Amino acid sequence: MRCPGQPSRSLLAIAAGAAVLCGGGCGAGALQQPAPSGLFLAGLGAFLAGHTLFVWGLCRLQPMGWPVPLAAVLGAGSAVVLSGMPGMHTGRMRPWVVLYAAFVSALLGKGLQLAFGMGQPWCFLVLAGAVLFWISDLLILFLYFYPSRHPAVHIANLLTYYYAMFLIAVSLAF
């Protein structure tokens, strides 16, 4: 992939983000029941770090444009609305859920900016991965904070998560 600036740092940040998210995803995949609050917050912090590294690395490939902060604000606002739904039990974790939603949505915004700004094939892989991450993390709200948990939600969460990782990793090959 031809990148302006210093691609080695960008790729290192993206790879570090992938490693953090992969490690956290393996741990989350092993959990069949919701994690205790402390473990959930630790996992949320690890995933937040991974998404932050992804966004930072991708912003080094193309400077951050308006889709990134707009997506972050819309994502945080959506998390406020969803976490306030009747039956949703985020409790003291609500501010963390909203913050996390902002960062996951920022990654989606960056994917949109890359795909429609640069238009290279690898950018569309990043966008597809970002969309799947966003869906995966939306499902987490219903997996961990909503009273009725259908087993398909857990499976869909893991499938979207691992395919997201795969697509972003494959995008580095271009």
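Keep in mind the model is a prediction, meaning the values are calculated, not measured.
- One hydrophobic cluster holds both Y146 and L139 under the rule that ILVMFWY side chains link at heavy-atom gaps under 4.5 Å.
- Counting heavy atoms of neighbouring residues, nucleotides and ligands inside a 6.0 Å radius, atom OH of Y163 does not exceed 12 of them.
- With values rounded to the nearest 0.5 angstrom, L112 atom CG is found 8.5 Å from W66 atom CH2.
- The 12-atom threshold is not exceeded at CE of M64, counting heavy atoms of other residues, nucleotides or ligands nearer than 6.0 Å.
- Residues G75 and S105 approach most closely at CA-OG, 3.1 Å, considering heavy atoms.
- Listed here is the closest heavy atom pair of G129 and A164: O-CB, 3.2 Å.
- The two residues F103 and V55 have their closest heavy-atom pair at O-CG2, 4.3 Å.
- One finds the CG atom of L61 at 9.0 Å from the OG atom of S171 (value rounded to the nearest 0.5 Å).
- Of all heavy-atom pairs between A115 and L127, the closest is CB-CD2, 3.7 Å.
- Taking all atoms of both residues into account, the shortest heavy-atom contact from P67 to Q113 is CG-CB, 3.9 Å.
- Side chain of S78 to main chain of L74: a donor-acceptor pair is present (N/O by atom type, distance under 3.5 Å, no hydrogens or angles).
- Here the CE-OH distance, from M93 to Y144, works out to 11.0 Å after rounding to the nearest 0.5 Å.
- Distance check, rounded to the nearest 0.5 Å: CD1 of I168 to CH2 of W122 gives 11.0 Å.
- L107 and V98 are assigned to two separate hydrophobic clusters, defined by single-linkage of ILVMFWY side chains at heavy-atom distances under 4.5 Å.
- When side chains are defined from C-beta on, Y100 does not count as touching I140, because their heavy atoms never get closer than 4.5 Å.
- Nearest heavy-atom pair, A102 versus A76, reported as atom, atom and distance to 0.1 Å: CB-CB, 4.0 Å.
- By the rule that hydrophobic residues join a cluster once side-chain heavy atoms approach within less than 4.5 Å of another member, W96 and V73 end up as members of separate clusters.
- Connection of F142 to L159 is established within a shared hydrophobic cluster, with ILVMFWY side chains joined at heavy-atom distances below 4.5 Å, either directly or through further cluster members.
- Distance OG1/T160 to CD1/I155: 11.5 Å, rounded to 0.5 Å.
- Proximity of L138 to L82: side-chain heavy atoms (C-beta onward) are separated by under 4.5 Å at one or more points.
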(request) Would you please test I135 and N157 for side-chain contact (heavy atoms from CB on, under 4.5 Å) and show each step? (result) CA-CA 8 Å; I135 293 169; N157 170 256; over 6 Å; no

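- One N or O on the side chain of K110 and one on the backbone of Q62 form a donor-acceptor pair closer than 3.5 Å.
- Between T90 and L141, some side-chain heavy-atom pair lies under the 4.5 Å cut-off.
- Q120 places no side-chain N or O within donor-acceptor distance of the main-chain N or O of L114, the cut-off being under 3.5 Å.
- Cluster membership for V80 and L108, using ILVMFWY side-chain heavy atoms within less than 4.5 angstrom, is not shared.
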